[in-house]
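Structure, as structure tokens:
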Amino acid sequence: MKYALIVAGGKGLRMGADIPKQFLPVGGKPVLMHTLEAFHAYDPDMQIILVLPRSQQNYWKQLCREYHFSLSHIIADGGETRFHSVKNGLALVKTSGFVGVHDGVRPFVSQEVISRCYDLVVEKKAVIPVTDVVETVRHLERGRSITVSRDDYKLVQTPQVFDADLLKEAYRQPYASCFTDDASVVEAFGVPVFLTNGNRENIKITTSFDLKIAAVLIDSCSI
């Protein structure tokens, strides 16, 4: 069984908008709807679990009615942190299989990347998409900075895809502030993650500038 666990708990503070960023319209409908559609297009039979704060769930249902959005999904309550939100979503994963955890505000993930992550996870158990660092990187230490090799670093994207039983076991660990994504939780559990190529269009819409980029991408990406 394949699952897509879409985490959408943003408040839109950095966006400066009146509504959370995942609900802002891009290409004629909310960002979050594009994101769910990307996974449904990959596999119409996969179970989509949407993690939303309780305070946003009624508004989401209102948007679904307004936009006639009927794509099948179930809703889990968001938690205090991303870690707790994912843990709540995993409680709805009832069978063995594979779980892809994805940011709700990454609507431009390519079908190729989704497919490759779910294909690789059968053997690798833990797969994350990454892209190269293209700008010069400097490391700050003790009041000074030095240039470091960008070849030694990667930028991490989602979906991060795992064996479902492995991910549920990893999320039984106590929360730690170093858990910035699912890969960090799984690595703390003692399991290495496999890196695969992501797609550069797979941006995380966080600021108003990102929203402008999204408006351009919507014309060139099939989402």
Side-chain angles (χ1 to χ4, degrees), residues 3-44 46-93 99-111 113-114 129 156-160 180-182 198-223:
Y3 297 87
L5 203 164
I6 311 298
V7 184
K11 299 178 180 178
L13 298 180
R14 280 177 287 180
M15 186 71 70
D18 294 331
I19 61 174
K21 55 196 175 185
Q22 59 266 24
F23 301 142
L24 292 173
V26 172
K29 58 187 167 185
V31 168
L32 190 52
M33 291 181 183
H34 289 294
T35 304
L36 268 63
E37 287 173 344
F39 286 85
H40 181 74
Y42 160 67
D43 183 355
M46 78 185 320
Q47 175 68 71
I48 297 177
I49 301 168
L50 174 59
V51 185
L52 277 176
R54 282 191 180 182
S55 61
Q56 297 178 8
Q57 290 177 14
N58 285 337
Y59 184 62
W60 168 247
K61 292 173 183 177
Q62 175 186 327
L63 288 174
C64 288
R65 291 191 296 269
E66 180 180 339
Y67 286 87
H68 307 289
F69 187 77
S70 58
L71 190 152
S72 178
H73 62 283
I74 55 178
I75 297 177
D77 292 338
E80 179 182 353
T81 68
R82 188 182 190 282
F83 174 90
H84 297 96
S85 292
V86 173
K87 189 170 185 176
N88 289 350
L90 286 173
L92 301 181
V93 175
V99 180
V101 185
H102 189 68
D103 298 319
V105 288
R106 288 188 188 267
F108 298 105
V109 60
S110 72
Q111 292 294 296
V113 169
I114 296 174
V156 178
Q157 300 181 333
T158 63
Q160 300 187 2
T180 56
D181 65 357
D182 311 286
N199 64 294
R200 286 185 59 80
E201 301 84 3
N202 186 18
I203 63 170
K204 186 175 182 181
I205 301 175
T206 304
T207 67
S208 57
F209 180 70
D210 298 330
L211 202 61
K212 293 177 181 178
I213 295 175
V216 175
L217 288 174
I218 198 76
D219 293 329
S220 58
C221 296
S222 298
I223 68 171

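All values below come from the heavy atoms of this structure, side chains included, with hydrogens, waters and symmetry mates left out. Position 1 is the first residue of the sequence, and the numbers go up from there. Everything numeric in this text was worked out from a predicted model, so none of it was measured.
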Any Gln157 side-chain heavy atom under 4.5 Å of Val109 side chain: no
Taking every non-hydrogen atom, the tightest pair across Ser85 and Gly79: OG-N, 2.8 Å
Donor-acceptor contact present, side-chain His34 to main-chain Val26, <3.5 Å: yes
Where Tyr67 and Gly28 come nearest, the two heavy atoms and their spacing: CE2-O, 3.2 Å
Student check: side-chain heavy atoms of Trp60 and Gln22 closer than 4.5 Å: no
Worked verdict on Leu63 versus Met33 for side-chain contact (heavy atoms from CB on, under 4.5 Å): CA-CA 10 Å; Leu63 288 174; Met33 291 181 183; 4.1 Å; yes
Derivation and outcome, side-chain contact (heavy atoms from CB on, under 4.5 Å), residues Asp210 and Val105: CA-CA 10 Å; Asp210 298 330; Val105 288; over 6 Å; no
More than 12 heavy atoms from other groups under 6.0 Å of CD on Glu66: yes
Residues Phe39, His102; criterion side-chain contact (heavy atoms from CB on, under 4.5 Å); working and verdict: CA-CA 10 Å; Phe39 286 85; His102 189 68; 3.4 Å; yes
Side-chain donor or acceptor of Gln47 paired with backbone N/O of Val93 under 3.5 Å: no
Between CD1 on residue Ile203 and CD1 on residue Ile213, distance to nearest 0.5 Å: 5.0 Å
Check: Asn202 main-chain N/O paired with Arg106 side-chain donor or acceptor under 3.5 Å: yes
Residues Leu24, Ile19; criterion side-chain contact (heavy atoms from CB on, under 4.5 Å); working and verdict: CA-CA 7 Å; Leu24 292 173; Ile19 61 174; 3.4 Å; yes
Side-chain donor or acceptor of Asn88 paired with backbone N/O of Ala76 under 3.5 Å: no
Evaluation steps, salt bridge (charged side-chain N to carboxylate O under 4.0 Å, His left out), between Asp182 and Arg82: CA-CA 9 Å; Asp182 311 286; Arg82 188 182 190 282; 3.0 Å; yes
Ile205 side chain near Leu211 side chain, heavy-atom distance below 4.5 Å: yes
Whether Asn199 side chain and Phe108 backbone form a donor-acceptor pair below 3.5 Å: yes
Gln111 to Ala38 - nearest heavy-atom pair and separation: NE2-O, 2.8 Å
Contact check, side chains of Phe69 and Lys29, non-hydrogen atoms, under 4.5 Å: no
Gap separating the CG atom of Asp103 from the OG1 atom of Thr35, nearest 0.5 angstrom: 9.0 Å
Partner of Ile48 by side-chain contact (heavy atoms from CB on, under 4.5 Å), out of Ile75, Asp43, Leu5, Leu71: Leu71
Least distance between heavy atoms, Pro53 atom then Ala8 atom: CD-O, 3.5 Å
